[in-house]
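By convention in this document, chain letters (A, B, ...) are assigned in the order of the sequence lines, proteins followed by strands, and residues within each chain are numbered from 1. Since this is a predicted model, take the numbers as computed values, not measurements. Values reported hereafter were calculated over all heavy atoms of this structure, with side chains retained and with hydrogens, waters and symmetry mates removed.
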There are 2 protein chains.
Amino acid sequence: MSASDHGPQTSARKRADARRNEQSLLDAAAAAFLAAGVDAPVREIAARAGVGVGTIYRHFPTRADLVIAVYRHQVEAAAEAGPTLLATSDTPFAALAQWIDLFVDFLVTKHGLAEALQSDDTTFEALHAYFLDRLVPVCTRLLDAAATAGEVRPDVAAYELMRGVGNLCIGAGRDPRYDARRLVELLIAGLRLNP
Amino acid sequence: MSASDHGPQTSARKRADARRNEQSLLDAAAAAFLAAGVDAPVREIAARAGVGVGTIYRHFPTRADLVIAVYRHQVEAAAEAGPTLLATSDTPFAALAQWIDLFVDFLVTKHGLAEALQSDDTTFEALHAYFLDRLVPVCTRLLDAAATAGEVRPDVAAYELMRGVGNLCIGAGRDPRYDARRLVELLIAGLRLNP
DNA sequence: TGGCATGCGGAGTCAGGTTCCGTATTGTTG
DNA sequence: CAACAATACGGAACCTGACTCCGCATGCCA
């Protein structure tokens, strides 16, 4: 099991019923997260999937494992979008800005995810780690390229920037007076050197 | 009882033991918040104060009431600092920047407060409301002055700015790689028009 | 000092998360 | 196909922490 392995997901040789339940759980969790956020009660997810709570814990020992499994595809897509944007954009800064936009879109549409990402609750440690492992290197490349081109301040680390962006997404969509996207734009504007 | 009345605090005519307990609770809560953040267990606060949990709920029906009472002085001080800074600073922008600095200092030294401020937990509704009632008008004045002077973009509301700043302070002090102050600076820089 | 309004303590209730183990299902082997 | 071992399942039981409620204690006033 490699260090970047999170949760069972596509699992190898398991009993047929186990694989079926795992899929039901992923579907149920996705639905529950959509309806009630990533803090949806364990019992509710189990009920939606038509399984007992024990089955959840067997497949996904911590809530983070479940959340990761549910959003894995989208996180991978974001990670892969980085290099692509860098290759196709006019300037590294444009690529960075677009990539951050993508990330913000992802976060603001997942009720409670931004909160979970920043929470110090140990339940979410693995979630935090997964996002960081997967996305910080991508962001670092974009940021470095933009810094090398002299477009942004060279003294801000990708980790810090991503946490800042993640933080700004907390509570987005709960209040029409708060537009996370606009504030992230401000933050990125503050990062820029020669407009 | 005016609309901006929060918690009993200095209370008028109550029994002597009640007033004593209220003070013990404030002291105990302040200590507990310092040690364990504003989410410190109710039972622990009660124990520190040497009272039963019922006594907490009698004096401070919601956690927000207790938090407000504990930090009231500092919030008032921040509110009063606004006009002062505006009067003594070279430019409205400088006053705004200093005031935001003050606010950030306050938040990052209160473990868990920034989190609570943004949480949608109904327990903290009153806290949210109190901060907004008290500080948004102050920030609005600073922001308006800076906008009028052409120093900042005129299209960002104080409410949004303050929530953004509050959000950026979440998790500050938990991780040396994350410096909330620096990111807030970036945000303010992004707000600026003619540097 | 007596009477009673006020306030107190903490056991009890409720809501979630997490564990555990007897039972059921699956897959394999003779 | 039958019988068995391995695997997985369900959900009752348990734990933690917030919040309520009421019989008892305390302070206040006459």
Side-chain angles (χ1 to χ4, degrees), chain A residues 7-29 32-33 35-67 69 112 115-116 119-127, chain B residues 7-26 28-29 32-33 35-67 112 115-116 119-127:
Chain A
Q9 64 148 358
T10 312
S11 318
R13 275 314 83 196
K14 295 214 287 195
R15 259 170 54 172
D17 57 344
R19 249 168 305 144
R20 229 181 308 121
N21 279 328
E22 194 173 307
Q23 191 54 51
S24 305
L25 275 170
L26 283 175
D27 295 346
F33 290 172
V38 298
D39 295 309
V42 174
R43 286 187 241 265
E44 191 195 309
I45 299 173
R48 275 182 193 262
V51 306
V53 290
T55 302
I56 291 195
Y57 286 100
R58 198 164 314 105
H59 287 286
F60 306 97
T62 75
R63 182 173 292 264
D65 295 315
L66 186 52
V67 176
E115 284 85 338
S119 114
D120 58 350
D121 187 335
T122 58
T123 320
F124 288 116
E125 256 172 28
L127 180 67
Chain B
Q9 61 149 355
T10 312
S11 315
R13 277 307 87 198
K14 295 213 288 195
R15 259 169 53 172
D17 55 347
R19 251 169 304 145
R20 230 181 306 121
N21 279 329
E22 195 173 307
Q23 192 53 52
S24 306
L25 275 170
L26 283 174
F33 291 171
V38 297
D39 294 309
V42 174
R43 286 188 242 267
E44 190 196 311
I45 300 173
R48 275 180 193 264
V51 305
V53 290
T55 302
I56 289 196
Y57 286 101
R58 196 166 315 105
H59 287 285
F60 307 97
T62 74
R63 181 173 293 265
D65 296 314
L66 186 51
V67 176
E115 285 84 337
S119 115
D120 59 349
D121 188 335
T122 58
T123 321
F124 288 116
E125 257 173 25
L127 180 67

Sugar-phosphate, base or nothing in reach of B/V42, heavy atoms under 4.0 Å: sugar-phosphate
Pairing residues for B/R20 by the side-chain contact (heavy atoms from CB on, under 4.5 Å) criterion, not counting sequence neighbours: B/A16, B/D17
Nearest listed nucleotide, side chain of B/T55, among D/dC28, C/dT26, C/dC8: C/dC8
Residue A/R20, side-chain heavy atoms: nucleotide from D/dG10, C/dC8, C/dT26 that is nearest: C/dT26
Among D/dT20, D/dG27, D/dA8, the one nearest B/V53 by side-chain distance: D/dT20
Minimum-distance pair of heavy atoms, taken over all atoms of B/I56 and B/A46: CD1-N, 3.7 Å
Nearest atoms (heavy-atom pairs only) where B/I45 meets B/A40: CD1-O, 3.9 Å
Sugar-phosphate only, base, or nothing, as touched by B/R43 at under 4.0 Å among non-hydrogen atoms: base
Residue B/D17, side-chain atoms from C-beta onward, closest of C/dA11, D/dT26, C/dT19: D/dT26
Residue B/Y57, side-chain atoms from C-beta onward, closest of D/dC9, C/dG9, D/dA18: D/dA18
Of the listed nucleotides D/dG10, C/dC8, C/dG7, the one nearest the side chain of B/K14: C/dG7
Closest non-hydrogen atom pair, A/A64 against A/T123: CB-O, 3.3 Å
